[in-house]
Amino acid sequence: MLDKKYNFAEKEKKWQDYWFENDIYKYDPNAKSKTFAIDTPPPTVNGHIHMGHLSSYTHIETIARHHRMKGENVYFPFGFDDNGLPTERYVEKTIKKHASELPRQKFVEICLSETKKLEDEFFDLYKSAGFSCNLKEHYSSISPNTQKISQKSFLELYKKGYIYQDKAPSLWCTECQTACAQSELEDMDVQSTFNYLKFFISGKDKYVTVATTRPEMLCGVVCVFINPNDKKNAYLLKEKLVVPHFGYEVPVYADELVDLEKGSGVVMCCTFGDNVDKEWQRKHALPIKECFTSNGRMSALAKEFEGLSIIECRKAVIEKLREEHLLIKQENITHTVSTHDRCGTPVEIEVKKQWFIDVLSHKKELYDAGIKLNWHPLNMRARYLNWVENLSWNWCISRQRYYGVPFPVWYCKKCGKVCLADEKDLPVDPMKDQPKHACQCGCNEFVPETDVMDTWATSSLTPQISADMHTHKGLDDSMLPFDLRPNAHDNIRVWDFYTIVKSLYHFNKLPWTDLMISGYVTSPDGSKLAKSKANGVSSPQEVIKTYSADVTRYWANNLALGKDTAFSLIEFDNGKKFVNKLWNASKFVLSFLEDYRPREVELETMDAWLLENYKNLYNRFIKHLDAYEISLALAEVERFFWNFCDNYVELVKRRLYNPDIFGQRQCESAKYTCFHVLLGMLKMFSPFVPHITEEIYQSYYAGIENKASVHVSGYLNLGEKVDKSVLEKGEEVLDIVSAVRQFKSENKLSLKTELEDITITSKNCDFIKKTEADLKGVAGARKIVYKDGDFKVEIGKVIEEEQA
RNA sequence: GGGAGUUUAGCUCAGCUGGUAGAGUACCUGCCUUACAAGCAGAGGGUCAUAGGUUCGAGCCCUAUAACUCCCACCA
């Protein structure tokens, strides 16, 4: 017997412990059934999980549970992405110190201990949400084993020629003091000033106007560009121009990238103010002049401004130009600058020795890979393709930071040659370990590489890293491709892209066959959720505590794939109602089934109708979930369920209560139907609301089916062929019930009011007649008269209560 | 500038291969019905963003337009 009220706090905890202790979701390496492997997103350990993560993990969960219910062997690993800049930033904020203020080793130790705390929090949350990934073992992107895989990947790609080291322009964050990748850029609108400056023509008392937002870079001007079609200024090509204030001369070149409409149509070029400068530098073989040092201060080039910050220098230079009458006018503008997504600082371009993975020369393969993958929803594919088409930087994987996977690289002290670690010695830390062999030049002294790898250089290997937890084969492709990569749309250009790169370069294979892309949960005003801010949105912990894990999952499962949704607690009330209804309906139905064991019986008409409906539902349900249409699948089974409660159960409950009046066989038929349909529904609901379905299942069905859990019990397939005519005829019976209810409602009568008689006109009287006992009961009619003809229901006299 | 998405009832959203506009919620009217008042029954409520087109027939297909959201590019 089920409790009168469902106590979710107690039951959810009970079943979570039960699942955990009994390894209910364990992947079985020896199973013969098909494996469904999920490349679970490892949460980045850089703050607290918010509702957005919870909702997208819930989608993964539902899909994992669905495939488990289909009898597949689900490989659902778990891990943490706990190294790299995001984690460092989190730790810096927590301890209120910059990494550079501490000894490297000390900082790394603090990172390890701080992330451990967060990981414990993550673990508790995952468990309390009832997640069915393998919580007993997990990978970490900083663990020695992961480092080994990551370093091996580096060595292999280096040997294959995909990785190269170069002193080349790369994106530089002056705040984090490290290089970063194109995918880490974020646009930000800033107020800025367009400064119109006088560039005098050398030896003449004539000037041209050049507009710039970055006057502090005047110390690094290498040339001035005009448009090749600019007739008015064409004469300048033969002249030299004098850089204002700094007084040195630069040449003038023509390039079609110059926009005649912008500013004065004449552009100064520095190496490097922006992307275009970078291109011009290469195309016109311009000299490289570095205006800034790596910490965002002015370099010696800036003469008297050396050591000022970029912003300070900008002000100071403007002041100088004004004094020297070289500033013609200023215009306030809003323009977009690229900032570092981890700290919001505008990025600069720096020329430094960095490690790169070549992606630009493989755009075609990367693009084709995007075409071959199955994207859910499909339109998300465009984001990937768009990104690949617009790639303009090779993937810079070196970071001038502390907490990350080290490069397995030293440099010969004498000849400077790169010395790679031996594969069998991995993982290595070149700052502690030494190469085992002397350099080819004979020198035995080495300088370690102090840079660490970009965190994505490692997390792009999650299919291999997570497969290794079971295969123990390291960097290996035996489990590739995985069946599913799930993540939110922000990760398409980052994690998805990089994973595809690595998988293609290593194995010439796709990392997975399908991608499932979740949308964002935004705050009610539409702004982004962030791990660091609350935005007026409840935390997952709060929501689960208040509403239960099942209700929270119900909410998440109703969100459309790929679409952003504003968070609202109102939506949780539907889930609460649903869970309550499921409890009450199950309690009611099971109260009739206590000692019942199913056996074949000749079915009553409406029982057959419900079973046909169930088959119909089953087909659609499976089809939706196979296509990752989570919310549609849930809506479908939920609609069936409410119909089951409000129509079917109402129709048959008298039979269940009174076998003496309605007949033993008729009662048996209802029991048979209830038994199967409730069981089938519980199984279908189980991926969405795993706790309450388990509680109900365990109270009755588990013993009969002899299964450890509803979640490994398999769906109930009652046959795929549906008798449509039974469905239609049954609907007509419901129409009769509806007509009677309408009559009673309009006449403000209680639904139990009895009626003298009702007259039914229909072409299906034979069918309807067979339901007469049920119909009389639910309608409260003493007599039913049948007529052949177009469908019509006439209500006879009401029997007053006193009489009844 | 390129791309994607959205626009359907007061609100949140479904709507398949083109065939009489749907659900939940809110509001209104009733009903304590031997599971559930966190329930049940019933009613009202829509120029399917706009303008054209294709079609016997368009929420759906085509062409424009508008508004909002997101991604990318631009950043002199």
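Throughout, a chain's letter reflects where its sequence line sits, starting with A, and its residues are numbered from 1. The figures that follow rest on heavy atoms only: side chains count, while hydrogens, waters and symmetry mates do not. Quick caveat: nothing in here was measured; it's all calculated off a predicted structure.
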Within the structure shown, what part of the strands sits under 4.0 Å from [X] by heavy-atom distance: base, sugar-phosphate, or nothing?
| X | result |
| --- | --- |
| A:Thr213 | sugar-phosphate |
| A:Cys645 | base |
| A:Asn580 | base |
| A:Val337 | base |
| A:Val589 | nothing |
| A:Trp642 | sugar-phosphate |
| A:Asp187 | base |
| A:Ala211 | sugar-phosphate |
| A:Glu650 | base |

Spacing of the [atom1] atoms in [M] and [N] (rounded, Å):
| N | M | atom1 | result |
| --- | --- | --- | --- |
| B:U65 | B:G1 | P | 12 Å |
| B:A9 | B:A43 | C1' | 14 Å |
| B:A23 | B:G44 | P | 12 Å |
| B:C62 | B:A67 | P | 22 Å |
| B:U50 | B:G10 | P | 14 Å |
| B:U33 | B:A37 | C1' | 12 Å |

Taking side-chain contact (heavy atoms from CB on, under 4.5 Å) as the test, write out the residues that go with [X], two or more places apart.
| X | value |
| --- | --- |
| A:Ile371 | A:Tyr367, A:Arg381, A:Leu385 |
| A:Ser738 | none |
| A:Thr546 | none |

Without decimals, in angstroms, what is the distance between [X] [atom1] and [N] [atom2]?
| X | N | atom1 | atom2 | answer |
| --- | --- | --- | --- | --- |
| A:Asp277 | B:C74 | CG | C1' | 13 Å |
| A:Arg493 | B:A4 | CZ | C1' | 15 Å |
| A:Ile736 | B:A41 | CD1 | C1' | 17 Å |
| A:Lys653 | B:C40 | NZ | P | 11 Å |
| A:Leu634 | B:G24 | CG | P | 14 Å |
| A:Asp490 | B:C72 | CG | P | 10 Å |
| A:Lys587 | B:A38 | NZ | C1' | 12 Å |
| A:Ile517 | B:G5 | CD1 | P | 15 Å |

Hey, does the side chain of [X] reach the backbone of [Y] with a donor-acceptor pair shorter than 3.5 angstrom?
| X | Y | result |
| --- | --- | --- |
| A:Asn747 | A:Phe743 | yes |
| A:Asn394 | A:Val359 | yes |
| A:Thr271 | A:Lys289 | yes |
| A:Trp583 | A:Asp3 | yes |
| A:Lys671 | A:Leu656 | no |

* Salt bridge between A:Glu256 and A:Lys283, side-chain N to carboxylate O under 4.0 Å? -> yes
* **Selected nucleotide, minimal atom distance to A:Asp646 side chain, candidates B:U33, B:G39, B:A41** => B:A41
Report all interatomic pairs (protein N or O, nucleotide N or O of nucleotides 12-23 of chain B) with separations under 3.5 Å.
{"from": "B:A14", "atom 1": "OP1", "to": "A:Lys563", "atom 2": "NZ", "distance (Å)": "2.7"}

Could you tell me which residues satisfy ring pair (Phe, Tyr, Trp, His ring centres under 6.0 Å) with [X], sequence neighbours excluded, listed by chain and number?
| X | answer |
| --- | --- |
| A:His376 | A:Tyr628 |
| A:His489 | A:Tyr520 |
| A:Tyr618 | none |

* Asked: Between A:Gly273 and A:Glu186, which has a closest nucleotide on RNA chain B that is more 5'?
  -> A:Glu186
* Nearest-nucleotide comparison on RNA chain B, the residue closer to the 5′ end among A:Lys4 and A:Ser738 -> A:Lys4
* To do: Give a yes/no answer on whether the side chain of A:Gln182 brings an N or O atom under 4.0 Å of OP1 or OP2 in B:A73.
  => yes
* Asked: For B:A41, does either OP1 or OP2 sit under 4.0 Å from a side-chain N or O belonging to A:Gln742?
  -> no
With the criterion being N/O to N/O and under 3.5 Å, what pairs connect the protein with nucleotides 1-3 of chain B, and how long is each?
{"from": "B:G2", "atom 1": "N2", "to": "A:Asn386", "atom 2": "OD1", "distance (Å)": "2.9"}

* Intra- and inter-strand pairs of RNA chain B in dot-bracket (Watson-Crick or G-U wobble, both distances under 3.5 Å; | for another strand) -> (((((((..((((.....[..))))..((((.......))))......(((((..]....))))))))))))....
* Take atom CD in A:Glu279; do more than 12 heavy atoms of anything else shown fall under 6.0 Å from it? -> no
List the atom pairs, with distances to 0.1 Å, where a side-chain N or O of residues 185-195 of chain A and a protein N or O form a donor-acceptor pair under 3.5 Å, not counting sequence neighbours.
{"from": "A:Asp189", "atom 1": "OD1", "to": "A:Thr336", "atom 2": "OG1", "distance (Å)": "3.2"}
{"from": "A:Gln191", "atom 1": "NE2", "to": "A:Thr334", "atom 2": "OG1", "distance (Å)": "3.3"}
{"from": "A:Asn195", "atom 1": "OD1", "to": "A:Gln330", "atom 2": "NE2", "distance (Å)": "2.6"}
{"from": "A:Asn195", "atom 1": "ND2", "to": "A:Thr193", "atom 2": "O", "distance (Å)": "3.4"}
{"from": "A:Asn195", "atom 1": "ND2", "to": "A:Thr212", "atom 2": "O", "distance (Å)": "3.2"}

Would you tabulate the pairs of protein nitrogen or oxygen atoms and nucleotide nitrogen or oxygen atoms of nucleotides 25-30 of chain B closer than 3.5 angstrom?
{"from": "B:U25", "atom 1": "OP1", "to": "A:Lys577", "atom 2": "NZ", "distance (Å)": "2.7"}

* To do: Could I get the full list of side chain to side chain donor-acceptor pair (under 3.5 Å) partners for A:Glu348, not counting sequence neighbours?
  => A:Arg214
* To do: Could you check A:Phe675 against A:Tyr701 for ring-ring contact (aromatic ring centres under 6.0 Å, His included), going step by step and ending with a plain yes or no?
  => CA-CA 9 Å; A:Phe675 178 95; A:Tyr701 289 110; 5.1 Å; yes
